[in-house]
There are 2 protein chains.
Amino acid sequence: MSSRREWTAFEDTLRRRRLRLTAPRRRIAERMLSMRGHLSADEIQDLLKRDGTPVSKATVYRTLSLLKECGLFDSHDFGNGRKVYEKAVGRAHHDHLFCVSCGKVLEFHEPRIEEIQDQVTRRFRFSPVYHSHKIFGTCADCTRGKPGEKKGEHR
Amino acid sequence: MSSRREWTAFEDTLRRRRLRLTAPRRRIAERMLSMRGHLSADEIQDLLKRDGTPVSKATVYRTLSLLKECGLFDSHDFGNGRKVYEKAVGRAHHDHLFCVSCGKVLEFHEPRIEEIQDQVTRRFRFSPVYHSHKIFGTCADCTRGKPGEKKGEHR
DNA sequence: ATAGATGCAAACACTTTGCATGGAC
DNA sequence: GTCCATGCAAAGTGTTTGCATCTAT
């Protein structure tokens, strides 16, 4: 279960746009809010299937865009051929370190970088909407022990 | 025509790996080195076709990976469904501003950001290999005049 | 009752691959 | 003469869409 505030954010958006709170939408949103970390569409579908409440892939994708539009989730592309979703509501902004060996995702937040970014966009008279800052490499665990692959490195 | 140094880098890599310098490879590499900015596989194929020396898409992609492996080009994904390639050899490292309205790409280089990045990776004992730092928004031209779309915004 | 949502399968867009033919070394 | 590279078309992958059916409101 997840915090009430997140639910109401979702319900409000649906109501405002005259959309319906259906069982599949509820299940997907609830399941995703209950998880931490980054989930792909496939992983979400698998979770729901295991829960005994399967949902079609089309609905997963459609609900995912909805959740993103509502601001409940952010999506990230770590360059391995699929997007992953992460809870956004109630979380501070951050950027990512991605381990190319095991797929682990670490988070960092550097106000100093954001400040320099602002200087850059001002210099170019560029109106920023969002940014994506990712560092790829090998995490501490993989650098020493090489525990091997965890999450799919396909493509 | 492009600088000799870039050619020899390419030829050396081919020789070292016992690969052949064929006409398609030469044409693709030459054409790409002659252009500035970011090119997609499709754009490269179109250019070659207009030059009167058409090349199959498969060969374009295969040569692209080769050019990347050789370090002659870098690839970037601005989230519009395709990769674009940019000359890497003889160029200083930089990051990008991407205009979501016209597709324009601006470049920036901020040693201060790189320094903070290093602090971040040290803190996590993370071994960085490369990073991707992109700011998305609207360029100065599009913010005032809205000159309209230029490069495909498909997907 | 009715606009909107679901599931399925087909469509998509980019990229990769299998294979027979052709060409560099 | 060998391998390696090319072109073509087929396969792959994640995602989107058309449509008939179903359902929240």
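Bear in mind the structure is a predicted one, so any value in this text is a computation, not a measurement. Convention: sequence-line order gives letters A, B, ...; per-chain numbering from 1.
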* Asked: Where each residue is assigned the nucleotide of DNA chain D containing its nearest heavy atom, which of B:Arg18 and B:Lys57 is assigned the position nearer the 5′ end?
  ->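 On the 5' side of the pair lies B:Arg18.
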
So, does [X] get its side chain near the phosphate of [N], meaning an N or O under 4.0 Å from OP1 or OP2?
X: B:Tyr61; N: C:dT16; value: no
X: B:Arg82; N: C:dA13; value: no
X: A:Thr59; N: C:dG7; value: yes

Integer-rounded Å distance: [N] [atom2] and [X] [atom1]:
X: B:Leu14; N: D:dT6; atom1: CG; atom2: C1'; answer: 15 Å
X: A:Glu11; N: D:dA24; atom1: CD; atom2: C1'; answer: 14 Å
X: A:Arg26; N: C:dG4; atom1: CZ; atom2: P; answer: 19 Å
X: A:Leu66; N: D:dT16; atom1: CG; atom2: P; answer: 13 Å
X: A:Leu67; N: D:dT15; atom1: CG; atom2: P; answer: 15 Å
X: B:Arg27; N: D:dG7; atom1: CZ; atom2: C1'; answer: 13 Å
X: A:Leu64; N: C:dT6; atom1: CG; atom2: P; answer: 13 Å
X: A:Asp77; N: C:dC14; atom1: CG; atom2: P; answer: 15 Å

Centre-to-centre under 6.0 Å for [X] and [Y], is that the case here?
X: A:His131; Y: A:His93; answer: yes
X: B:Tyr85; Y: B:Phe73; answer: no
X: B:Phe98; Y: B:His76; answer: no

* Does the pair A:Glu110 and B:Arg123 meet the rule for a salt bridge (Lys or Arg N to Asp or Glu O under 4.0 Å), with working shown? -> CA-CA 12 Å; A:Glu110 273 295 347; B:Arg123 190 191 311 148; 2.7 Å; yes

* With a 4.5 Å heavy-atom cut-off, do B:Thr13 and B:Leu19 have their side chains touching? ->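 Side chain of B:Thr13 against side chain of B:Leu19, heavy atoms only: no contact under 4.5 Å found.
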
* Asked: With respect to A:His96, which candidate in A:Phe136, A:Phe108, A:Phe78 satisfies the ring-ring contact (aromatic ring centres under 6.0 Å, His included) definition?
  ->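 Result: among A:Phe136, A:Phe108, A:Phe78, A:Phe78 is the only option passing the ring-ring contact (aromatic ring centres under 6.0 Å, His included) with A:His96.
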
* Residue list, side-chain hydrogen bond (donor to acceptor under 3.5 Å, both in side chains) with A:His109, at least two apart or on another chain ->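 Residues passing side-chain hydrogen bond (donor to acceptor under 3.5 Å, both in side chains) with A:His109: none at all.
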
* To do: Would you indicate which nucleotide in D:dG7, D:dT15, D:dA5 comes nearest to any side-chain atom of B:Val55?
  =>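 My answer, after comparing the listed nucleotides, is D:dG7.
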
* Asked: Which of these nucleotides, C:dC14, D:dT15, C:dT6, is closest to any side-chain atom of A:Ala41?
  ->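 Looking only at side-chain atoms, A:Ala41 lies closest to D:dT15.
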
Report all interatomic pairs (protein N or O, nucleotide N or O of nucleotides 19-25 of chain C) with separations under 3.5 Å.
unit_1: C:dG23; atom_1: N2; unit_2: B:Arg20; atom_2: NH1; d: 2.4
unit_1: C:dC25; atom_1: OP1; unit_2: B:Leu21; atom_2: N; d: 3.4

